[in-house]
Number of protein chains: 2
Amino acid sequence: MATKTLAREAVTLPVNQILAGDCIEVMNGLPEASIDLIFADPPYNLQLRGDLHRPDNSKVDAVNDHWDQFASFAAYDRFTRDWLAAARRLLKPNGAIWVIGSYHNIFRVGAALQDQGFWLLNDVVWRKSNPMPNFKGKRLTNAHETLIWASKDEASKYTFNYEALKALNEGIQMRSDWVLPICTGHERIKDAAGDKAHPTQKPESLLHRVILATTNPGDVVLDPFFGTGTTGAVAKMLGRDFIGIEREEAYRAVATERMERVRRYDASALEVTGSKRAEPRVPFGQVVERGMLRPGEELFSIGNRHKAKVRADGTLIGNDVKGSIHQVGAHLEGAPSCNGWTYWHFKRDGKLISIDILRQQIRAEMDDARPH
Amino acid sequence: MATKTLAREAVTLPVNQILAGDCIEVMNGLPEASIDLIFADPPYNLQLRGDLHRPDNSKVDAVNDHWDQFASFAAYDRFTRDWLAAARRLLKPNGAIWVIGSYHNIFRVGAALQDQGFWLLNDVVWRKSNPMPNFKGKRLTNAHETLIWASKDEASKYTFNYEALKALNEGIQMRSDWVLPICTGHERIKDAAGDKAHPTQKPESLLHRVILATTNPGDVVLDPFFGTGTTGAVAKMLGRDFIGIEREEAYRAVATERMERVRRYDASALEVTGSKRAEPRVPFGQVVERGMLRPGEELFSIGNRHKAKVRADGTLIGNDVKGSIHQVGAHLEGAPSCNGWTYWHFKRDGKLISIDILRQQIRAEMDDARPH
DNA sequence: TGAACACCTGAATCCCTCC
DNA sequence: GGGAGGGATTCAGGTGTTC
């Protein structure tokens with residue numbers, strides 16, 4: 001069986017497997033702080049109290065409907081708290097969780113997440129392009145489901161591939177409402193009798209966006225309510241490791257077969273648009289050190305309304321203000337901050353050229369020097 | 001002052017007024033089971049930290065008002081439970097409530113609604129066509145807010161004008177996700193200094209849909225967080241009675257002046273389609289909902305030989321014939337069919353302008369709002 | 001009189017590394 | 001852990017001015 005050895009504790013994590021059993025018990029048996037991302041599609045059928053992990057021990061024949069409701073909500077809340085606590089223990093400090101639900105359960109899940117110290121990052125609306133209509137005409141067509149994205153806590157440096165998602169969306173930053181069709185056709189897994197193998201199979205497109213957005217290749221994605229394994233299938237395609245937990249033998253069988261069928265995409269296909277923040281930092285002083293700009297040379301602001309003089313230590317002096325390219329720019333503009341690299345320009349043959357060109361040259365040389 | 005005498009108890013309800021004070025205390029002073037619909041836009045408990053600047057260094061005008069500050073989730077939950085209990089007491093047995101919120105608070109509100117015995121009917125997503133972007137590229141654009149629609153209890157025979165909403169949506173069943181622009185431009189009320197009078201004024205189009213869908217003319221609509229009075233303004237336009245409760249003197253002053261300005265629509269415009277309609281394509285109802293054309297406004301045929309009046313649900317009435325823009329046009333022309341979009345014109349500054357212009361505007365917005 | 005352009009703003013839990 | 005500092009980061013739509 002595949003496993004992953006965790007550095008410090010010399011414990012192993014069973015990856016790319018489907019673990020059998022109750023998700024809370026199984027999660028409690030895994031090493032803490034070992035998971036990068038959890039995707040959870042928990043049950044929300046409040047009527048089936050007995051199916052929940054810890055059924056309410058009070059007798060169900062309550063005085064009236066209200067008490068019955070309270071009892072079932074309380075049981076559902078206990079179940080939610082328990083599996084969320086187990087999930088939170090497994091997350092790395094910078095880990096995150098997604099939970100999907102409908103109005104029947106998502107409000108309770110969201111409140112429980114907040115109560116346990118998770119930090120909500122976004123709620124995302126999956127807008128179904130082909131929902132089931134409301135046949136009786138008594139309500140609005142229930143055309144969406146809600147996903148909550150939360151980091152382990154407020155301080156977590158969660159993963160978000162902003163540029164990749166922006167690229168997915170034709171250059172516009174991705175919004176919190178996602179239009180995706182429900183899972184039908186060939187993607188919908190059927191059992192031997194030709195019936196759908198699982199009542200709520202999620203579309204791969206949804207998991208694709210989730211996993212692409214909030215994990216990196218090689219990360220471990222855990223799904224405690226694995227079902228037919230959409231999370232695992234997409235994780236594998238995208239070069240992530242997965243751990244599935246599923247109680248029902250029938251679903252495990254379907255998922256196991258599905259995992260074997262799935263092919264991982266080419267590594268080159270898994271590369272996504274990166275962020276500039278990840279680029280190596282170049283001190284402006286290097287530009288002077290290398291003689292790309294000389295001490296005493298004048299720089300001009302982006303609108304050519306201000307100028308400053310380069311000093312030997314890589315600082316600027318302009319208008320009696322000394323400091324970094326950023327500080328002097330910010331001061332001259334009266335702005336809280338300024339990116340000096342894009343703000344300042346030098347003159348060559350009468351034309352203004354951004355100093356960022358020089359940074360790019362230095363970065364290119366750094367790349368050449370790095371062993372491949 | 002306007003009042004409404006309630007049949008059985010011979011108590012009076014102060015309608016079409018803005019009541020001053022804490023909403024819980026004021027609600028507790030009103031007669032129980034007297035309200036048809038409550039629309040509530042409670043504080044969101046945003047928990048904002050430091051300042052936020054746009055990439056152009058301008059500062060975002062944050063919602064940091066004292067009324068949005070709560071010490072903890074527990075404090076917010078207490079507040080929520082208390083105002084919901086007071087609200088529930090006021091509702092008629094078949095009454096209903098709408099609450100709007102964001103991911104900061106809506107999960108707690110939804111859970112509290114369920115805990116108190118309200119019966120959730122739908123969660124509705126207001127997809128903003130022009131949301132504020134995420135400036136730092138750290139999350140998804142927060143492009144929606146969530147509304148919860150709930151009846152007083154499971155047995156309530158709540159009001160839902162299914163056919164009216166379907167007509168508003170040009171023959172297609174209304175879904176749980178609504179694309180509407182945020183409140184800007186002339187609709188956004190400014191104070192004497194030219195600043196926005198309220199940080200979170202809601203668009204009239206949103207209230208138009210809510211009130212049209214879930215009340216009948218003559219119903220009483222209560223808004224316990226009245227603000228600048230969008231709920232009251234739309235209720236009055238649509239021939240409903242309103243009760244506003246607002247603690248802040250400054251907001252009351254703005255709302256009072258606004259209520260006086262608002263005109264009730266023509267009675268004939270308020271009648272709502274009771275019959276099914278043919279299947280058109282683009283919702284003319286949105287033109288009305290967004291205020292591009294007002295209920296009661298007259299449209300003129302292409303040769304200016306016929307005219308018709310716009311109704312609140314996006315249908316027309318002309319020459320005793322009611323129906324879609326296409327149906328009424330066809331009838332007046334004695335033709336088997338008619339493209340209402342090119343047939344009808346509205347008058348601005350004495351000139352006739354095709355309503356197709358308005359459709360083009362909406363299409364552009366919808367295209368832009370659609371994530372890919 | 002338009003077209004083009006500049007400017008402003010919206011319920012926002014909005015950076016990250018190094019010292 | 002707090003503070004300092006480099007430097008990365010935005011979309012739609014309305015209003016008003018210029019050409």
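First the proteins, then the strands, lettered A, B, ... as listed; each starts at 1. The structure displayed is predicted, hence computed values, not measured ones.
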### Task
Flag the pair B:W83 / B:F225 as yes when their ring centroid distance falls below 6.0 Å, and as no otherwise.
yes
### Message
Using OP1 and OP2 only, check whether a side-chain N or O of B:N142 sits under 4.0 Å from C:dA12.
### Response
no
#### Entry: Under-4.0 Å side-chain N/O to phosphate OP1/OP2 contact, B:K196 with C:dG10
yes
### Summary
Between A:S324 and A:S275, whichever has its closest DNA chain D nucleotide further toward 5' is A:S324
### Query
Rounded to the nearest Å, what distance is computed from the CG atom of residue A:L165 to the P atom of nucleotide D:dT10?
14 Å
#### Entry: Separation of D:dG13 P from B:M292 CE (nearest whole Å)
11 Å
### Message
At 4.0 Å (heavy atoms only), tell me whether A:I172 reaches a base, stays on the sugar-phosphate, or touches nothing.
### Response
sugar-phosphate
### Task
Report the nucleotide, chosen from C:dT13, C:dA11, C:dC15, that has the shortest atom-to-atom distance to any side-chain atom of B:K202.
C:dA11
## Note on the structure
By nearest-heavy-atom nucleotide on DNA chain C, the more 5' of B:H104 and B:S58 is B:S58
### Nearest-Å distance once atom C1' is located in both C:dT1 and D:dC19
12 Å
### Query
Does the cation-pi check pass for B:R108 over B:F73, that is, NZ or CZ under 6.0 Å from the six-membered ring centre and within 45° of its axis?
yes
### Message
Heavy atoms only, 4.0 Å cut-off, all strands: where does A:C338 land among base, sugar-phosphate and nothing?
### Response
base
#### Entry: A:R88 to A:F118 six-membered ring, cation-pi geometry met (6.0 Å, 45°)
yes
### Query
Atom CD1 in B:I106, atom CG in A:D123: separation rounded to 0.5 Å?
9.0 Å
### Task
Please state whether the rings of B:F70 and B:Y76 are parallel, tilted or perpendicular, taking 30° and 60° as the class boundaries.
perpendicular
### First encountered from the 5' end of DNA chain D, between A:W341 and A:K166
A:W341
### Query
Would you say A:H326 reaches D:dA8's phosphate, i.e. side-chain N/O to OP1/OP2 under 4.0 Å?
no
### Query
Relative to each other, are the rings of B:H198 and B:W67 parallel, tilted or perpendicular (30° and 60° limits)?
parallel
### Query
What's the base orientation of C:dT13: syn (chi within 90° of 0) or anti?
syn
### Query
Any side-chain heavy atom of B:I245 within less than 4.5 Å of one from B:F226?
no
### Stacking check A:W119 vs C:dT13 (5.5 Å / 30 deg)
yes
### Task
Classify the nucleic acid contact of A:L120 as base, sugar-phosphate or nothing, counting any heavy atom under 4.0 Å across all strands shown.
base
### Query
Just checking A:E163: base, sugar-phosphate only, or nothing, at a heavy-atom cut-off of under 4.0 Å?
sugar-phosphate
### Message
What is the distance, to the nearest angstrom, from the CZ atom on A:F160 to the C1' atom on C:dC14?
### Response
11 Å
### Query
Phosphate oxygens OP1/OP2 of D:dT10: is one of them under 4.0 Å from a side-chain N or O of A:Y162?
yes
### Task
Indicate whether OP1 or OP2 belonging to D:dT10 is found under 4.0 Å from a side-chain N or O atom of B:R139.
no
### Task
Starting at atom CD of A:E279, determine the distance to atom C1' of C:dC16, rounded to an integer number of angstrom.
16 Å
### Task
Choose from D:dT10, D:dT9, C:dG10 the nucleotide whose nearest atom is closest to any side-chain atom of B:R188.
C:dG10
### Query
Heavy atoms under 4.0 Å, any strand shown: does B:D41 hit a base, just sugar-phosphate, or nothing?
base
### Query
For B:P203, which contact category applies under a 4.0 Å heavy-atom criterion: base, sugar-phosphate, or nothing?
nothing
### Task
Please work out if B:G50 contacts a base, only the sugar-phosphate, or nothing of the nucleic acid, heavy-atom cut-off 4.0 Å.
base
### Query
Taking the side chain of B:N134 as heavy atoms from C-beta outward, which of C:dA11, C:dT13, C:dC14 is closest to it?
C:dC14
### Message
Distance check needed: C:dA11 P versus B:N130 CG, whole Å only.
### Response
9 Å
#### Entry: Among C:dA11, D:dG14, D:dC11, the one nearest B:T200 by side-chain distance
C:dA11
### OP1 or OP2 of D:dA8 under 4.0 Å from side-chain N/O of A:R281
no
### Task
State which of C:dA12, D:dT10, D:dG14 makes the closest approach to the side chain of B:V63.
C:dA12
### Query
At under 4.0 Å, does any side-chain N or O of B:K138 touch on OP1 or OP2 of C:dC16?
yes
### Task
Tell me which of B:P133 and B:H198 sits closer to the 5' end of DNA chain C, going by the nucleotide each one is nearest to.
B:H198
#### Entry: B:R209 charged N/C atom sitting above B:W178 aromatic ring, 6.0 Å / 45°
yes
### Query
Which nucleotide sits closest to the side chain of A:Q327: D:dG6, C:dA11, C:dT13?
D:dG6
## Note on the structure
note: A:W344, atom CH2; D:dG6, atom P; distance rounded to Å ~ 14 Å
### Query
What does B:D61 touch in the nucleic acid at a heavy-atom separation under 4.0 angstrom: a base, only the sugar-phosphate, or nothing?
sugar-phosphate
### Task
Please work out if B:P131 contacts a base, only the sugar-phosphate, or nothing of the nucleic acid, heavy-atom cut-off 4.0 Å.
base
### Task
Could you state the atom-to-atom distance from NZ of A:K152 to C1' of C:dT13 in whole Å?
20 Å
### Message
Rounded to whole Å, please give me the gap between CG in B:D56 and P in C:dT9.
### Response
10 Å
